[in-house]
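Following: one structure in structure tokens, then a few remarks.
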Amino acid sequence: MDIAAAAVISSAGPHATEELAHSQNLDRGYLKEVKEKVRPLSYISLEISSEKPLVDFPGVVVVPEGRRQMTMMCTSLAYPEYAPPGKHLLQAWAAPDSSFLPLNTAAEVDMVVQDLRDAIPRFDREAEILHVSYWQKDWPMYRALPGALTQKTPIENLYNVGDGVAPLVPLGLPACAETARIVVEDIKQRVKPAA
Ligand SMILES: Cc1cc2nc3c(=O)[nH]c(=O)nc-3n(C[C@H](O)[C@H](O)[C@H](O)COP(=O)(O)OP(=O)(O)OC[C@H]3O[C@@H](n4cnc5c(N)ncnc54)[C@H](O)[C@@H]3O)c2cc1C
């Protein structure tokens, strides 16, 4: 693909940027770094409905000492429209044992359900699991661990932004915004506006 521009910013992730820019245009050291360091993180998410709220706090609850690191929220206490009509919605999110091993999705989801049963004793009587999703590979939680790669590429003025090039802090969406801020600052210093 040919792009005539003073600077190009890609939010497609470092692997997709590499493909779009054609790997033969990028040096081997950088390609090795992308291959070794930009490894996606997995995540599991469950949507659960019930007649009454399964958790009575209208915010994110961290579940300590479970089989998996899990957070959950009775989303319908804050946003009733998220739930099926007349019902409540609990969302639970958990990280698997490892993102860097083949994901045994059935076993991982089972652990999360067991943690929900422990955290909510009336779970089996009152909960209906509506949807289970797991996020991995090309559809990950984050495209890379924070700090894996910088935003610059070996092609001058071709940048990556987003969670594949996140700094060490902050995490998640604030990290994506921070990568954009870093790139914009760099472009302002390096690229002169057209007269
Ligand atoms: C279930 C789940 C829950 C999460 N919860 C939170 C949370 O509570 N808080 C938080 O901060 N973060 C959360 N995250 C992480 C957060 O959503 C991501 O880190 C963030 O959305 C990444 O943004 P991005 O712009 O880097 O990538 P994306 O939002 O994935 O955007 C990349 C874009 O590039 C496009 N694209 C890809 N390939 C190409 C191509 N070849 N050509 C053109 N376009 C292309 C895609 O279509 C997409 O629009 C969660 C993620 C998941 C999966």
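Counting starts at 1 for both ligands and their atoms, in listed order.
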Nearest-contact summary for [atom] - protein heavy atom, Å:
atom: atom 23 (O) of ligand 1; value: C176 SG, 3.5 Å
atom: atom 9 (N) of ligand 1; value: L173 CD1, 4.6 Å
atom: atom 5 (N) of ligand 1; value: M141 CE, 4.4 Å
atom: atom 2 (C) of ligand 1; value: Y43 CD2, 4.0 Å

Heavy-atom protein neighbour under 4.0 angstrom from [atom]:
atom: atom 51 (C) of ligand 1; result: yes
atom: atom 28 (P) of ligand 1; result: yes
atom: atom 39 (C) of ligand 1; result: yes
atom: atom 7 (C) of ligand 1; result: no
atom: atom 48 (C) of ligand 1; result: no

Please answer whether the main-chain N or O of [Y] pairs with a side-chain N or O of [X] as donor and acceptor at a distance below 3.5 Å.
X: T179; Y: V161; result: no
X: T153; Y: L158; result: yes
X: N157; Y: A6; result: yes

Option passing side-chain contact (heavy atoms from CB on, under 4.5 Å) with R68 (candidates D97, V109, I44): D97
Show which atoms of ligand 1 fall inside a sub-4.0 Å distance from at least one heavy-atom site of [X].
X: G162; value: 26 (O)
X: R143; value: 24 (P), 26 (O), 27 (O), 28 (P), 30 (O), 32 (C)
X: Y142; value: 15 (C), 19 (O)
X: P140; value: 53 (C)

Should we say atom CG of D138 is surrounded by more than 12 heavy atoms from elsewhere, each under 6.0 Å from it? no
Within a radius of less than 6.0 Å around OH of Y30, do more than 12 heavy atoms belonging to other residues, nucleotides or ligands occur? yes
Here the gap from S50 atom OG to I120 atom CD1, rounded to the nearest 0.5 Å, amounts to 8.5 Å
Nearest 0.5 angstrom please: I187 CD1 to K192 NZ, how far? 14.5 Å
Side-chain ion pair, K52 and E126, N-O less than 4.0 Å: no
Look at R67 together with D118 and state whether they make a salt bridge at an N to O cut-off of under 4.0 Å. yes
Would W135 count as being in polar contact with ligand 1, using the rule that some N or O on each side must be under 3.5 angstrom apart? no
If hydrogens are left out, which of [options] has an atom nearest to [atom], that is, the closest non-hydrogen atom?
atom: atom 22 (C) of ligand 1; options: L20, D163, L171; value: D163
atom: atom 25 (O) of ligand 1; options: S11, A166, A177; value: S11
atom: atom 34 (O) of ligand 1; options: G13, S10, A12; value: A12

Go through the side-chain N and O atoms of Q91 and T75 and say whether any donor and acceptor fall under 3.5 Å apart. yes
